[in-house]
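Read through the structure below, which is laid out as structure tokens, and then see the notes.
Both backbone and side-chain heavy atoms feed into the values below; hydrogens, waters and symmetry mates do not. Count residues from 1 along the sequence. Because the structure is predicted, anything quoted here is derived from the model rather than measured.
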Amino acid sequence: MKYYVTALGMAFAITLPHAALPQTITPPAVPPGLEVTDGSQPFLVGHGVGTQNYVCAPTDKLGHVDWTLFTPEATLFSDDNLQLTTHFSSPNPGEGGVVVRVSWQDSRDTSAVWGRAVAQATVDPSAIDWLKIQRAGSRVGPTGGNTLAVATFLQRVNTEGGLAPSEGCDATPDVGKKAFIPYAADYIFYKKN
């Protein structure tokens with residue numbers, strides 16, 4: 001009888017979904033100015049892989065041109081390689097939908113957050129800057145999911161690659177050329193307790 005009770009208990013333990021254990025996240029060491037100091041705590045870490053996308057565009061009325069970032073495109077993964085979010089640029093409904101901001105959308109509940117960089121630091125000259133990003137808008141998912149809607153700040157850290165090309169955008173005939181530069185970075189999401 002004891003064997004059957006144990007077997008039955010094990011069967012339930014195997015078939016019942018496990019509740020997610022809270023993740024303990026230690027804020028990363030960052031250069032001065034990139035710290036989150038408003039009392040928000042980290043709640044999610046995503047490891048991003050994708051591209052920083054540039055377009056050759058005029059920079060002034062004198063005919064100068066340079067590479068300009070027009071959007072990132074990345075997927076953020078958990079430590080277990082599960083997709084967490086997508087990262088791109090899109091109109092921010094918090095600003096009337098007319099301002100395009102960097103954005104993240106949760107892969108499970110489709111909640112989203114839009115952000116604006118408020119501080120940056122060059123940590124590795126061969127990679128894009130580390131950033132402190134403040135929420136500029138958010139949205140809950142259609143079924144009420146709010147995973148990302150509660151974010152107050154993000155940090156982009158541990159960057160690799162992603163810098164604009166050093167050539168190919170030198171004169172007016174180059175205007176409109178695009179370059180998709182691979183990059184990787186960690187993103188830490190913060191929220192108020």
Side-chain angles (χ1 to χ4, degrees), residues 17 19-28 30 33-55 68-121 127-162 178 180-193:
L21 296 174
Q23 195 178 20
T24 301
I25 300 170
T26 302
V30 294
L34 298 188
E35 310 93 336
V36 174
T37 59
D38 76 333
S40 294
Q41 298 297 314
F43 72 95
L44 181 66
V45 175
H47 309 292
V49 178
T51 58
Q52 294 283 309
N53 304 330
Y54 297 91
V55 63
T68 303
L69 181 71
F70 69 91
T71 188
E73 289 182 341
T75 302
L76 277 60
F77 297 92
S78 69
D79 289 337
D80 299 328
N81 289 324
L82 299 175
Q83 182 174 337
L84 297 174
T85 76
T86 53
H87 175 38
F88 50 95
S89 293
S90 65
N92 176 17
E95 295 174 288
V98 295
V99 177
V100 174
R101 299 269 186 202
V102 289
S103 47
W104 293 262
Q105 184 172 28
D106 187 87
S107 299
R108 297 151 297 186
D109 68 15
T110 68
S111 61
V113 63
W114 286 260
R116 62 180 178 85
V118 293
Q120 64 189 51
I128 54 175
D129 286 347
W130 289 22
L131 299 175
K132 176 181 175 181
I133 302 162
Q134 185 173 20
R135 179 179 66 198
S138 65
R139 181 191 70 213
V140 298
T143 59
N146 68 350
T147 301
L148 296 184
V150 298
T152 54
F153 284 94
L154 294 90
Q155 291 169 320
R156 180 178 76 187
V157 299
N158 303 325
T159 57
E160 298 175 11
K178 294 181 179 175
F180 301 88
I181 309 300
Y183 90 105
D186 291 334
Y187 292 86
I188 297 94
F189 295 79
Y190 289 77
K191 68 179 179 179
K192 293 281 191 177
N193 282 340

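Under a 3.5 Å cut-off, the side chain of Thr51 and the backbone N or O of Phe180 do not form any donor-acceptor pair. Not a single donor-acceptor pair under 3.5 Å links the side chain of Asp106 to the backbone N or O of Asn146. Between the side chain of Ser138 and the main chain of Ala149, a donor-acceptor pair closer than 3.5 Å is present. Put simply, the side chain of Gln155 gets close to the backbone of Leu34: a donor and an acceptor are under 3.5 Å apart. With hydrogens and angles ignored, the 3.5 Å screen pairs a side-chain donor or acceptor of Lys132 with a backbone N or O of Glu35. With hydrogens and angles ignored, the 3.5 Å screen pairs a side-chain donor or acceptor of Thr71 with a backbone N or O of Ser89. For the pair Arg139 (side chain) and Ser111 (backbone), a donor-acceptor distance under 3.5 Å is absent. Put simply, the side chain of Thr159 never gets that close to the backbone of Trp130: no donor and acceptor are under 3.5 Å apart.
Contacts of Ile181 classified as side chain to side chain contact (heavy atoms under 4.5 Å, CB included), with partners at least two apart in sequence or in another chain: Tyr54, Pro165, Ala179. Considering only residues two or more places apart in sequence or on other chains, Phe77 meets the ring pair (Phe, Tyr, Trp, His ring centres under 6.0 Å) condition with none of them. Asp129 pairs by the salt bridge (charged side-chain N to carboxylate O under 4.0 Å, His left out) definition with nothing, not counting sequence neighbours.
Closest of all the heavy-atom pairs between Pro28 and Ile188 is CG-CD1, 3.9 Å. The shortest non-hydrogen separation linking Asn92 to Ala136 is ND2-O, 3.0 Å.
Side-chain contact check for Glu95 versus Arg101: some heavy-atom pair is nearer than 4.5 Å. Side-chain atoms of Pro93 and Trp114, non-hydrogen and from C-beta on, do get closer than 4.5 Å to each other. Taking the side chain as every heavy atom from C-beta outward, Val30 and Val157 approach each other to under 4.5 Å. At a threshold of 4.5 Å between non-hydrogen side-chain atoms, the residues Val102 and Pro72 count as touching. Within the 4.5 Å cutoff, the side chain of Ile128 has heavy atoms near those of the Gln52 side chain. Residues Leu84 and Leu44 meet the side-chain proximity criterion, which asks for heavy atoms closer than 4.5 Å.
With no hydrogens or angles considered, a side-chain donor-acceptor pair links Ser103 and Ser90 at under 3.5 Å. Between Ser107 and Gln83, the side chains place a donor N or O and an acceptor N or O closer than 3.5 Å (distance only, hydrogens not considered). A side-chain N or O of Asp109 and one of Thr147 form a donor-acceptor pair less than 3.5 Å apart. A donor atom on one side chain and an acceptor atom on the other are found under 3.5 Å apart for Asp79 and His47.
Classified by interplanar angle (parallel below 30°, tilted 30° to 60°, perpendicular above 60°), the ring pair Trp104/His87 is parallel.
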Let me see the working for Leu154 and Tyr190 under side-chain contact (heavy atoms from CB on, under 4.5 Å), right down to the final yes or no. CA-CA 6 Å; Leu154 294 90; Tyr190 289 77; 5.9 Å; no

Given the rule in the side-chain contact (heavy atoms from CB on, under 4.5 Å) test, do Glu73 and Asn53 qualify, once you have shown the distances and angles that lead to the verdict? CA-CA 7 Å; Glu73 289 182 341; Asn53 304 330; 3.3 Å; yes

Side chain to side chain donor-acceptor pair (under 3.5 Å) evaluation trace for Thr75 with Thr86: CA-CA 5 Å; Thr75 302; Thr86 53; over 6 Å; no

Between Phe153 and Ile133, does a side-chain contact (heavy atoms from CB on, under 4.5 Å) hold up when you go through it step by step? CA-CA 6 Å; Phe153 284 94; Ile133 302 162; over 6 Å; no

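In this structure, CG in Leu82 is found 8.5 Å from CZ in Arg108, a value given to the nearest 0.5 Å. Expressed to the nearest 0.5 Å, how far NZ of Lys191 lies from CG of Leu148 amounts to 10.5 Å.
More than 12 heavy atoms of other residues, nucleotides or ligands sit less than 6.0 Å from atom NZ of Lys192.
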